[in-house]
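Quick notes on the structure that follows.
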Number of protein chains: 2
Amino acid sequence: MIMNMSVVDEMVCFSLYSATRATTRAYTELLAPWDLTYPQYLVLVVLWREGEKPVHELGDMLQLDSGTLSPLLRRMEAKDLVARHRASKDQRIVTIAATARADALREELGHIPGVIARCTGLPDLAAARELISTLQQLTTTMRNGVPAGN
Amino acid sequence: MIMNMSVVDEMVCFSLYSATRATTRAYTELLAPWDLTYPQYLVLVVLWREGEKPVHELGDMLQLDSGTLSPLLRRMEAKDLVARHRASKDQRIVTIAATARADALREELGHIPGVIARCTGLPDLAAARELISTLQQLTTTMRNGVPAGN
DNA sequence: GAATACTAAGTTGTGCACAACTTAGTTGTG
DNA sequence: CACAACTAAGTTGTGCACAACTTAGTATTC
């Protein structure tokens with residue numbers, strides 16, 4: 001907690017920032033043949049696993065607001081990957097569903113998690129779980145925000 | 001390395017992605033009073049520590065290309081945070097230097113690393129170093145790219 | 001039941017990231 | 001010297017993220 005903590009903590013953030021961009025680039029390369037971006041792929045993963053979902057629930061799961069999701073889903077709709085329809089019960093809610101084309105992609109893209117697994121270079125499942133745990137805790141703490149009084 | 005590895009590995013990437021966005025938001029909030037973004041702050045940190053630098057060396061350090069840095073530095077120049085001048089020796093090279101105003105900010109922003117330190121929620125220096133090490137290794141492996149044959 | 005508060009989705013505007021390209025300057029080779 | 005190969009910075013275009021706002025529909029309260 002003493003002296004050089006400062007530099008190290010900036011390094012935590014910077015190495016996070018670098019690692020995420022490297023990961024996104026790996027996904028970009030992997031997904032290029034299907035004209036998919038990483039956030040678009042994440043939407044498909046959620047829809048494949050959970051079925052159709054309102055926009056705000058997708059937003060809760062991916063931690064993205066409508067300002068990000070609305071145009072992203074519009075692009076996915078244009079590529080015939082998702083369909084939107086108003087829920088009849090509550091006319092404010094737009095439900096997003098994977099299309100038949102998206103469902104077909106599920107098999108085609110089944111190799112991706114394994115490829116990414118190798119790309120992480122993590123030695124085993126335990127190491128992966130530990131990293132996930134550390135990152136999730138960091139996310140929670142960060143999201144609680146900058147404590148009052150700086 | 002067996003069964004559910006796939007799901008876990010997607011979780012590694014997603015937790016990275018979430019953690020980075022949470023961190024960037026924390027920086028955004030912290031830096032708002034100075035009208036600075038996180039990448040702009042990173043440029044200042046490099047210039048403070050290393051003195052003036054050509055654009056491509058900034059790019060090497062931050063892993064950003066000229067397509068990102070050129071407009072970013074233009075915005076920083078407009079805010080009187082950096083100055084650009086052509087190196088006389090090699091006329092292709094534009095050297096970026098912190099302005100007096102940027103140097104003055106160095107003290108004013110001195111509290112930030114400590115605040116971020118607390119926001120990470122990491123228990124001690126050892127935990128921070130371990131996370132940095134894991135992330136740097138992951139970045140290197142990721143950047144080596146998707147191995148041939150998928 | 002009318003005014004108010006709230007919620008869901010979408011819009012607008014700014015700033016990264018990054019691929020692909022352009023322009024200008026430098027180096028290397030014959 | 002000429003010319004090809006290379007390098008540095010900048011430009012263009014696309015797609016996130018996200019703050020701030022708008023629009024429309026729902027719930028609440030009196």
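A, B, ... follow the sequence lines: proteins, then strands. Residue 1 opens every chain. These numbers come from the heavy atoms of this one structure, side chains and all, not from hydrogens, waters or symmetry mates.
- Both M61(A) and L64(A) are part of a single hydrophobic cluster, where members link through side-chain heavy atoms under 4.5 Å apart.
- Geometrically, R25(A) does not engage Y27(A) in a cation-pi contact defined by less than 6.0 Å to the ring centre and at most 45° from the axis.
- Rounded to 10°, the angle separating the first-five-pair axis and the last-five-pair axis of the helix from dG1(C)-dC30(D) to dG30(C)-dC1(D) equals 10°.
- Put simply, L31(B) and L47(B) are part of the same group of oily side chains (I, L, V, M, F, W, Y) that touch within less than 4.5 Å, one to the next.
- Here R101(A) pairs with nothing under the side chain to side chain donor-acceptor pair (under 3.5 Å) rule; sequence neighbours left out.
- In this structure, CG in L105(A) is found 6.5 Å from CG in L36(A), a value given to the nearest 0.5 Å.
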Base versus backbone protein contacts along nucleotides 9-22 of chain C [heavy-atom cut-off under 4.0 Å; B, S, -] = BBB---SSBBB---
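- When hydrophobic clusters are built by joining Ile, Leu, Val, Met, Phe, Trp and Tyr residues whose side-chain heavy atoms come closer than 4.5 Å, directly or via intermediates, I116(A) is grouped together with V46(A).
- Classification of the H111(B)-W34(B) ring pair by plane angle, with boundaries at 30° and 60°, yields tilted.
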